[in-house]
Amino acid sequence: MLVSSRKPFRATVKSEIVFGSGPEESVHHQSSKMNSTPTNVPNFDDLFTKLLNILKTNGKVQEVSSHFGPSHSIQDMFSYLWNLVEAQRYLIPKSVILEKSDKEAEKLRLEGNKYYQRKLLEKALDYYNQSILYASHPKLDISKGISKKQLDDDSLIPDLMKSSDVNCQDLYRPLALGYANRSAVFYELKLFDKCINDIEMALDYGYPKILHSKLAERKAKCLLAQGKRKEASQLIEASLQALTSLPLDDIKKKPSQKALDLLLQQASEQTSGNHNPTSVPERPLFRYETPKPPKLLHPSPTIPSLSCAVKLAFSATQGRYLVAERDIKPGEVLAVEEGYSRVLHLNSQLRTYCSGCLARCVTPLPCPYCPLVVFCSSACRLGALSSYHGRECSTLTSLSALDIGKNAVLIYRILMQTSFARLKEMIPVYQHEALSKTPESLGFNDEGIYDSSDYRTIFHLVGNKMSRSVSDLFKRCAMSVVLLKLLEKSQQFFTDLDGAVFSPSQEDILLSGTVIFTHMMNLPCNAHSITELQVNESDYHLSVSQEIGCGAFGVLSLTNHSCNPTSTRVSYGSVVVLKAISYIPAGSEVTDTYGEHYAVTSAESRRSSLMIQYYFTCLCEPCQHNWPSYMNLPTKLVLKCLQCLGPLDSKNGECPRCKLTELSSTVEICRDDILYNYEEVDKKIKLAVKKYEESYKDVLRGNNSVEIRNVITDVIELIDKYVMLPCKLYFEAQETLKHCFDRLAHNIINMQVE
């Protein structure tokens, strides 16, 4: 059976986080440095190079090296380096502060005005967002806690302003102007709710009263467009009255009065039963909202983020891994996990995505203290300020300046999020568990539950210390020293349960450093990327899966690697969903990819890369049988014998090896049948391929219906059961399915404003 070759979607291979494996290698696979970070600040490589040079000069390299190696304990290695005079002198991160700036906010707003006047709305929106981010912001008073109502309602943000700020709203004029100008963009895009929300924010933050009629006019137009005649009329009448009382001459008032009178007339012409609101497009010119992830309908009783169709297994050679409890069809949801912690990369992503849930923000709420991060809602913002961002805010620029790698940023977030007080209480317990429990039981709490929100699931992840070189351990220990020094400088980590800052004891230092060093080893082997699909509507093949951050996911870390994985990860903001992309028979392993795929990279290169970072030799089928890459995959579909898995004779359905003739009376497709009617199966596959060809065209046209995805999963399942692998169609169908999955999670469409 021959199929036509087609242009495949870009392979959406989701990689793990790559980290350097020794002092001779770069520690930052893709820079995490923010664009606004000063370039003259020494990064970690600079600090580490100075330390190495001074150790060489002093003839201490051999002596220092003798204290590092797999046989040394994590605590002993960290203690030695922390107390080394040269380390204390040269491994010191420099403090870098980036503050709010009304001058910068004004500059950005004026730049946005230029693009708005030219109707380049996307560019205007970007500059207005940045202007809002840099503008001085009232401090939020969360000292008395946060109510659910305040978390759920963005309009209540002014209620959280400190009283000293409420009476000085002139201080926040740049912020008010930014919101007002951004509302104009949303009005042009017919995003009326967003426009109204920004108008209200502008008024809350002190928009000049002399210009209130301008915003009232825009808000009234939004209300009329939504068919809210009564509200529009009341607003216009109130605005006309307010305009009359302003200390302006009649000539200056007249244009605003005329515009409002005209709107009032339009509102009076509409009746409550027969109004004609402005038509709103079915979808705006762009769509940034991150959809909600699917729910796990039947979760595992002991691993709630995992489907009950999957169970945990263990072996001495494979460690912990996941297997199918029953037959699993392509497309099934296998895990839904938010994980313990996650971070955005410290670059421009910080101003595009919510630092709380990692959803893309079209109307970002700024951090009130720094011009670095944004949030999608008051719930995310207040939640972050009351926990991790409230503690890391002052040192985030310094962390970025270190350019120390993505995993180090994640570790910093984990420690700030967890807090020293909790670590001091928990770490001795977890260390005892590591010594007393079996490997397969680590991470489970006292109730026998493997809870993704429990820090112990991250602490107990494998770090491969025994396989690491002296140079690798030394460099990771040096990173740990630098991060701990930054935590000390923050004066937000070493605090007691009441939040009071204290000077850490040597015991406190060793406990914290040991934790950091532990994660410096286990996160590079377990952290997962968080991605977003940038959809290209003019050519869907060119849609790009972009990595925006990374996270610590205890359940996803239970999957082992295969260069022909049976599942794929899909990011819904901070939530990552594991979906099957193969037919997985009961008892078979559920696998993921650690960034290496047979169709993209040669077996030799894959094995080398996996050994360097993950310390294992890949023995998956593509590696053992040296499957060809995509361009050399066979296009012919050859049926296989279900007993020996060899090819059948296409003329009579006989297996040359087993001498079995496939003449079963049943045409029922079942993996347990060794014999099947090969002619009937051949017909079913041909029909499935034909349907797939049509569905593939639909996907290229932008369609992504359940019916289309079912057609794709049907052809994958038939190939899995009855066709010799590898074959080109199988890879293409899986990539098409992965593209469809990503489209569900990242409905991001590029703006095309004319």
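None of these values were measured; they are calculated from a predicted model.
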Visitor: Measure across Tyr321 and Glu589 and return the closest heavy-atom pair with its distance rounded to 0.1 Å.
Guide: CB-OE2, 3.5 Å
Visitor: Checking Val600 against His597 for the side chain to side chain contact (heavy atoms under 4.5 Å, CB included) test, could you report, in this order, the C-alpha distance in whole Å, the side-chain angles of both residues, the deciding distance, and whether it holds?
Guide: CA-CA 6 Å; Val600 179; His597 197 286; 4.2 Å; yes
Visitor: Step by step, would you call Gln546 with Gln349 a side chain to side chain contact (heavy atoms under 4.5 Å, CB included)?
Guide: CA-CA 11 Å; Gln546 177 186 10; Gln349 315 288 9; 2.8 Å; yes
Visitor: Under 4.0 Å between a Lys/Arg side-chain N and an Asp/Glu carboxylate O for Lys329 and Glu717?
Guide: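 Salt bridge: yes.
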Visitor: Under the salt bridge (charged side-chain N to carboxylate O under 4.0 Å, His left out) definition, can you give me all pairs with a residue in residues 307-318, not counting sequence neighbours?
Guide: Lys311-Glu325
Visitor: Looking just at side-chain N and O atoms, do Tyr730 and Asp720 make a donor-acceptor pair shorter than 3.5 Å?
Guide: yes
Visitor: Just one of Leu322, Leu296, Thr568, Ile328 clears the side chain to side chain contact (heavy atoms under 4.5 Å, CB included) bar with Leu334, so which one?
Guide: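 Looking at Leu322, Leu296, Thr568, Ile328, the match for Leu334 under the side chain to side chain contact (heavy atoms under 4.5 Å, CB included) is Ile328.
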Visitor: With the threshold set at 4.0 Å, does a side-chain nitrogen-carboxylate oxygen contact exist between Glu547 and Lys406?
Guide: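 Yes.
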Visitor: With no hydrogens and no angle check, do the side chains of Ser453 and Asp451 hold a donor and an acceptor under 3.5 Å apart?
Guide: yes
Visitor: I'd like to know if Lys684 pairs up with Glu679 as an ion pair, taking the criterion as any Lys NZ or Arg NE/NH1/NH2 lying under 4.0 Å from an Asp or Glu carboxylate oxygen.
Guide: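 Looking at Glu679 together with Lys684, the answer is no, because their closest N to O distance does not fall below 4.0 Å.
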Visitor: Kindly list each side-chain donor-acceptor pair under 3.5 angstrom involving residues 442-450, sequence neighbours excluded, with atom names and distances?
Guide:
unit_1, atom_1, unit_2, atom_2, d
Asn445, OD1, Glu447, N, 2.9
Asn445, OD1, Gly448, N, 3.1
Asn445, OD1, Ile449, N, 2.9
Tyr450, OH, Gly554, O, 3.0

Visitor: Under the rule for salt bridge (Lys or Arg N to Asp or Glu O under 4.0 Å), what residues qualify as partners of Asp698, not counting sequence neighbours?
Guide: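 Listed in chain order: Arg701.
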